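Bear in mind the structure is a predicted one, so any value in this text is a computation, not a measurement.
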Amino acid sequence: MQPGDRVAVLDLNSRWLLAAHFAVPGAGAALVALNTRLAAHEYRDILAHSRARILLVSGDLLPRLDVRTAAGLPTGRVVLLPGTPAAALPGAVTYDEWLGDTDGQGITLPADEDAMIAVNYTSGTTGRPKGVVYTHRGAYLNALSAALEFELTAASCLLWTLPMFHCNGWSMTWGATAVGATHVCLGSFDPQRALDLAGRYPVSHLCGAPVVLSELARAGAQRGFTAGRPLRAAVGGAPPAKETIAAVQQMGITVTHLYGLTETYGPSLVCEYQPGWTELPAADLAGRLSRQGVPAISVADAQIADDKLRPAARRRHQHRRDRDPVQHRRRRIPRR
């Protein structure tokens, strides 16, 4: 592996994919964490477009590639992650064999902070997946911003209910590690399994799309789950429904609504809790959480504009009129 090479990884949320977020950039290469929900032709297109020299793949996901030999993929070398026998894909090498060819020099810091650390591809819901280049500097800033906004500390325990391939887990693969938090890896989202892990470990944080929260609410209601400690859930995209918010509140979960996109390293805006919000009825709280948003710490400014990039007129919401507007631009208000 040479500096500047692209290394693709197709795996569920595992310690191997988490480790790749450090090992690949640490070798001077750029990580391409592949969406686990694509079609075989989309994987071939992404591997060719990113010019991935190496593909690390889990045996559980090999069928998605729809190839009989490693030669059927547009990449120089295919490496089977631990637990996958060499016979699973002729022409591929095992993880141990691949490590045997490395120099063992450990992590090397980038010579240029603007060098690539990752290439992430959009989901393809509005067209073919598009590749977005992340730099070391951008990832560093957003990782620390995510950790600060989500109030992660060395005492935190992050349950992976968000795919790590999605904007590198909203940069929390790096951010949670930066503050010394504990990672609990859940291969693919299962609400019952997630609640089991939240009961077994001191889980304090989790992330995901609105469907993750609604599925947790449904599973929690079935088993009468109540969090044994403060539990924060960051939700990206559409705001949660008021029924979902009411359900998770009863489970002891506080919701933080975020917004971002692949091109901005993930979350860039956050709906900041204000004093008294926790006690609001679910419908009123849902109304507050649906409003975006305060720029994250790493975002200098944000603008709402029309399709011609003309700024939209500012509106002041009724519930803010009697408060200091500075308070709503940047705050550190405890959630609970």
Practice problem: Would you check if the side chain of R15 reaches a backbone N or O of C185 as a donor-acceptor pair within less than 3.5 Å? | Solution: no
Exercise. Give a yes or no on whether the backbone of P110 and the side-chain of H136 come within a donor-acceptor separation of less than 3.5 Å.
Key: no
Self-check item: Heavy-atom check, side chain of Y273 versus side chain of T254, under 4.5 Å
Solution: yes
Exercise. Without swapping roles, check the side chain of H257 against the backbone of L289 for a donor-acceptor pair under 3.5 Å.
Key: yes
Exercise. Kindly work out whether a path of hydrophobic side-chain contacts (I/L/V/M/F/W/Y, heavy atoms less than 4.5 Å apart) joins V294 to L144.
Key: no
Exercise. First locate atom NZ of K242, then atom CG of L280, and finally report the distance between them rounded to the nearest 0.5 Å.
Key: 14.0 Å
Quiz prompt | Atom pair CG/CG of L89 and L80 - distance to nearest 0.5 Å | solution = 6.0 Å
Quiz item: Got W277 and C271 here, is their nearest side-chain heavy-atom distance under 4.5 Å?
Solution: yes
Quiz prompt | Heavy-atom side-chain contact between C157 and V184 under 4.5 Å | solution = yes
Exercise. Answer whether the closest heavy-atom distance between the side chains of L55 and L34 falls below 4.5 Å.
Key: yes
Quiz item: What about M172 and V24, same hydrophobic cluster or not, with Ile/Leu/Val/Met/Phe/Trp/Tyr joined at side-chain heavy-atom distances under 4.5 Å?
Solution: yes
Exercise. Run the ring-centre check on W16 versus Y95 and record whether the distance is less than 6.0 Å.
Key: yes
Quiz prompt | Worked verdict on H183 versus T177 for side chain to side chain contact (heavy atoms under 4.5 Å, CB included) | solution = CA-CA 8 Å; H183 298 268; T177 304; 2.8 Å; yes
Quiz item: Backbone N or O of T161 within a donor-acceptor pair of the N13 side chain at under 3.5 Å?
Solution: no
Quiz item: Has L261 got more than 12 heavy atoms of other residues, nucleotides or ligands less than 6.0 Å from its CG?
Solution: yes
Quiz item: Can any side-chain N or O of T122 pair as donor or acceptor with the backbone N or O of K130 at less than 3.5 Å?
Solution: yes
Quiz prompt | Close side-chain approach of Y121 and N35, heavy atoms under 4.5 Å | solution = no
Quiz item: If you group Ile, Leu, Val, Met, Phe, Trp and Tyr by side-chain heavy-atom gaps below 4.5 Å, do L269 and V255 land in one group?
Solution: no
Quiz item: For F189, does the CZ atom have more than 12 heavy-atom neighbours from other residues, nucleotides or ligands under 6.0 Å away?
Solution: yes
Exercise. Please indicate whether R77 has more than 12 foreign heavy atoms, meaning atoms of other residues, nucleotides or ligands, lying under 6.0 Å from its CZ.
Key: yes
Quiz item: If you take all heavy atoms of T84 and G59, which pair is closest and at what distance?
Solution: OG1-N, 2.9 Å
Quiz item: Taking all non-hydrogen atoms of both residues, which atom of L158 and which atom of C207 are closest, and how far apart?
Solution: CD1-SG, 4.2 Å
Quiz item: For the residue pair P163 and R37, what are the closest heavy atoms and their distance?
Solution: CG-NH2, 3.5 Å
Quiz prompt | Straight-line distance of L17 CG to L81 CG, nearest 0.5 Å | solution = 9.0 Å
Practice problem: Indicate if L195 and L206 have the same hydrophobic cluster label, given that clusters are the connected sets of ILVMFWY residues with side-chain heavy-atom separations under 4.5 angstrom. | Solution: yes
Quiz prompt | Donor-acceptor contact below 3.5 Å, side chain E149 vs main chain I297 | solution = yes
Quiz prompt | Shortest non-hydrogen contact from G175 toward A147 | solution = O-CB, 3.8 Å
Self-check item: Polar side-chain atom of R200 near backbone of A198 as donor-acceptor pair, under 3.5 Å
Solution: no
Quiz item: Does NE2 in H49 sit with more than 12 non-hydrogen atoms of other residues, nucleotides or ligands closer than 6.0 Å?
Solution: no
Quiz item: So, does S145 use its side chain to make a donor-acceptor pair with the main chain of L141 at under 3.5 Å?
Solution: no
Quiz item: For the side chain of R6 and the backbone of S50, is there at least one donor-acceptor N/O pair under 3.5 Å apart?
Solution: yes
Quiz item: So V235 and V212, side chain to side chain contact (heavy atoms under 4.5 Å, CB included) or not? Walk me through it.
Solution: CA-CA 8 Å; V235 181; V212 168; over 6 Å; no
Exercise. Could you grab the distance from atom OG of S268 to atom CG of N142, nearest 0.5 Å is fine?
Key: 6.0 Å
Quiz prompt | Nearest atoms (heavy-atom pairs only) where A29 meets V7 | solution = CB-CG2, 4.0 Å
Quiz prompt | Heavy-atom side-chain proximity of L65 to V78 below 4.5 angstrom | solution = no
Quiz item: Distance-only, no hydrogens or angles: does the S156 side chain make a donor-acceptor pair with backbone N or O of A181 under 3.5 Å?
Solution: no
Practice problem: Decide side chain to side chain contact (heavy atoms under 4.5 Å, CB included) for L258 and V270; before the verdict, give the C-alpha distance in whole Å, the side-chain angles of both, and the deciding distance to 0.1 Å. | Solution: CA-CA 5 Å; L258 307 169; V270 58; 3.5 Å; yes
Quiz item: Measuring from L213:CG to T244:OG1, what's the distance to the nearest 0.5 Å?
Solution: 6.0 Å
Quiz item: So among L73, L10, V57, which one has a side chain to side chain contact (heavy atoms under 4.5 Å, CB included) with Y43?
Solution: L10
Quiz item: Linking I/L/V/M/F/W/Y whenever any side-chain heavy atoms sit under 4.5 Å apart, do I54 and L18 land together?
Solution: yes
Self-check item: Distance in Å, R232 CZ paired with L152 CG, rounded so as to fall on 0.5 Å steps
Solution: 8.0 Å
Exercise. Go through the steps for D11 and L56 under the test side chain to side chain contact (heavy atoms under 4.5 Å, CB included), then give the verdict.
Key: CA-CA 8 Å; D11 194 12; L56 284 76; over 6 Å; no
Quiz item: Mind checking whether H21 and W174 have parallel, tilted or perpendicular rings, split at 30° and 60°?
Solution: perpendicular
Exercise. Give a yes or no on this: more than 12 heavy atoms of other residues, nucleotides or ligands lie within 6.0 Å of atom CZ of F22.
Key: yes
Quiz item: Do D196 and R223 meet the salt-bridge criterion of a basic N to acidic O distance under 4.0 Å?
Solution: yes
Quiz item: Which atoms form the tightest heavy-atom contact between L216 and P191, and what is the distance?
Solution: CD2-O, 3.9 Å
Quiz prompt | Donor-acceptor pair between T135 and Y265 side chains, under 3.5 angstrom | solution = yes
